[in-house]
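Let me begin by presenting the structure, written as structure tokens, before commenting on it.
Side-chain atoms are counted along with the backbone in the values below, which use heavy atoms only and exclude waters and symmetry mates.
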Amino acid sequence: MSSLWLTSLAKDQETIAAMMAQFKAYGIQIQGHFWENDNAKIAWLGAVDSLMDKEMAMWAIMGSQADLQNGDIRYGLSMVALCLQARRGTGFPIVVLQSEGTPISSAQLPTPLSKAIVLGASAPGTPAKLIAKLHAKAPDLPAAYTLDMVGNEQLGQWLQLQPAGGTWPGIIFGVDNADIVFQAVGPAGKLPKKTTLNYAMQGLKLELGGTEFNAWATRNQVSQESAYFVKINGTPRTILFGPYAEDSQAELYVIHLQ
């Protein structure tokens with residue numbers, strides 16, 4: 001029996017029980033949790049751990065229009081999606097089950113969720129569509145970078161960033177509506193115990209599309225073996241990053257998280 005992990009944004013036991021019974025009849029086994037909207041405690045890390053179970057073949061998010069438009073919720077969901085895509089591939093299926101409100105589209109969701117399909121939670125055809133999605137082999141889409149989370153509630157919110165292939169001669173990383181408090185470079189996979197930064201820069205200001213970003217940079221090389229780590233305080237609406245360049249011609253990647 002196929003398994004999916006269900007994140008319910010509302011604590012509605014009755015609706016969840018009815019959905020589980022309905023989907024089980026279609027051969028879909030549901031496990032899941034109720035969302036805890038507490039980004040300060042990085043409460044969404046529990047969902048990441050559950051989704052790493054190899055038995056989980058899909059992530060489903062159920063919530064109302066209001067839930068799905070809440071900036072704090074959107075940030076947490078985006079971070080789960082980034083971790084999921086970094087560790088289980090960009091093709092891992094994500095489905096949004098909208099329970100109430102005016103239907104939204106995937107284009108209205110943050111960047112990490114923009115490839116999700118949006119279905120009505122109670123629509124008659126939803127179970128059949130989920131079965132089709134579960135059994136469809138989605139290809140991993142090529143990406144220029146890998147972005148993962150390596151922190152926890154005690155260590156704080158640390159991101160690990162590296163190119164998907166090749167080497168960057170340095171890196172620049174920026175946030176809006178949040179603060180960068182530390183940066184490091186070291187072997188990928190865990191926070192380095194010590195780091196030596198080459199020409200490290202802090203307090204840079206970048207403007208893109210009318211949004212101002214606080215940015216840090218370093219000239220250390222980063223690759224698939226040696227990664228860039230950055231500690232963030234707060235919940236940025238948007239992050240941008242890319243290879244460091246002396247001129248303004250370097251390509252920067254922009255990810256909307258809210």
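One finds the CD atom of Gln162 at 8.5 Å from the OG atom of Ser226 (value rounded to the nearest 0.5 Å). Note that CE of Met79 and CD1 of Ile42 are 8.5 Å apart. Values are rounded to the nearest 0.5 Å. Put simply, CH2 on Trp44 and NE2 on His33 are 12.5 Å apart, with the number rounded to the nearest 0.5 Å. Distance check, rounded to the nearest 0.5 Å: CG of Leu252 to OH of Tyr244 gives 12.0 Å. A distance of 9.5 Å separates NZ in Lys231 from CG in Leu191, rounded to the nearest 0.5 Å. The line from CG of Leu6 to CD1 of Ile16 is 4.5 Å long, rounded to the nearest 0.5 Å.
Residues forming a side chain to side chain contact (heavy atoms under 4.5 Å, CB included) with Thr211 (at least two apart in sequence, or on another chain): Asp176, Phe213. Shown here are the salt bridge (Lys or Arg N to Asp or Glu O under 4.0 Å) partners of Asp148, two or more places apart in sequence or in another chain: Arg87. Among residues two or more places apart in sequence or in another chain, the side chain to side chain contact (heavy atoms under 4.5 Å, CB included) test is passed with Ala81 by Trp59, Gln85, Ile94, Pro112, Leu113. Among residues two or more places apart in sequence or in another chain, the side chain to side chain donor-acceptor pair (under 3.5 Å) test is passed with Ser64 by Asp67. Listed by chain and residue number, nothing satisfies the side chain to side chain donor-acceptor pair (under 3.5 Å) test with Asn177 (two or more places apart in sequence, or in another chain). When the side chain to side chain contact (heavy atoms under 4.5 Å, CB included) test is applied to Gln183, the partners found at least two apart in sequence or on another chain are Leu197, Ala200, Trp216, Thr218, Tyr228.
In terms of heavy atoms, Ala144 sits closest to Tyr253 at CB-OH, 3.2 Å. Minimum interatomic distance between Pro236 and Leu257 (heavy atoms only, all atoms of both residues): O-CB, 3.7 Å. A pairwise comparison of heavy atoms in Ala178 and Asn214 identifies O-ND2, 3.5 Å as the closest pair. When all heavy atoms are compared, the tightest approach of Pro169 to Pro243 is CD-CB, 4.3 Å. In plain terms, the two heavy atoms of Pro110 and His256 that are nearest each other are CB-O, 3.3 Å. Contact detail for Leu51 and Met56: the closest heavy-atom pair is O-CB, 4.4 Å.
The same ILVMFWY cluster, assembled from side-chain heavy atoms under 4.5 Å apart, contains both Leu134 and Met62. Residues Ile180 and Trp158 do not share a hydrophobic cluster, defined by chaining ILVMFWY side chains whose heavy atoms lie under 4.5 Å apart. Put simply, Val254 and Leu82 are part of two different groups of oily side chains (I, L, V, M, F, W, Y) that touch within less than 4.5 Å, one to the next. Cluster annotation: Leu147 is connected to Val230 through the hydrophobic network of ILVMFWY side chains, with a link wherever side-chain heavy atoms come within less than 4.5 Å. Cluster membership check: Leu130 shares its hydrophobic cluster with Met20, using side-chain heavy-atom separations under 4.5 Å among Ile, Leu, Val, Met, Phe, Trp and Tyr.
Side chains of Thr238 and Leu208 form no contact here, defined as non-hydrogen atoms less than 4.5 Å apart. Using a 4.5 Å heavy-atom cutoff, the side chains of Val181 and Gln157 are not in contact. Using a 4.5 Å heavy-atom threshold, the side chains of Gln65 and Glu100 count as separate. Side-chain contact between Lys24 and Ile30: absent, with no pair of heavy atoms (C-beta onward) separated by less than 4.5 Å. A heavy-atom distance below 4.5 Å is found between the side chains of Leu84 and Met52. The side-chain heavy atoms of Leu161 and Val222, taken from C-beta on, include no pair separated by under 4.5 Å. For the pair Leu109 and Leu77, the minimum side-chain heavy-atom distance is 4.5 Å or more.
Enclosure of atom NZ in Lys54 is not indicated, since only 12 or fewer non-hydrogen atoms of other residues, nucleotides or ligands lie within 6.0 angstrom. Heavy atoms from other residues, nucleotides or ligands lying under 6.0 Å from CZ of Phe92 number more than 12. Atom CD of Glu207 has more than 12 heavy atoms from other residues, nucleotides or ligands within 6.0 Å.
A distance-only check finds no donor-acceptor pair linking the side chain of Thr7 to the backbone of Trp35 [under 3.5 Å]. No donor-acceptor pair under 3.5 Å is formed between the side chain of Gln98 and the backbone N or O of Leu119. Of the possible polar contacts, one joining the Ser78 side chain to the Arg74 backbone as a donor-acceptor pair under 3.5 Å is found. Counting only distance, with no hydrogens or angles, the side chain of Gln221 and the backbone of Thr167 share no donor-acceptor pair below 3.5 Å. The main-chain N or O of Val185 is found under 3.5 Å from a side-chain atom of Thr195 such that the two form a donor-acceptor pair. Formation of a donor-acceptor pair under 3.5 Å by the Gln160 side chain with backbone atoms of Gly189 is found in this model. Listed for the Asp53 side chain is a donor-acceptor partner under 3.5 Å among the backbone atoms of Glu55. Here the side chain of Gln108 pairs no donor or acceptor atom with the backbone of Leu68 at under 3.5 angstrom.
In this structure, the ring of Phe241 has its center less than 6.0 angstrom from the ring center of Tyr145.
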Item checked: Intermediate values then yes/no, side chain to side chain contact (heavy atoms under 4.5 Å, CB included), Val48 and Met149 -> CA-CA 10 Å; Val48 174; Met149 167 78 178; over 6 Å; no
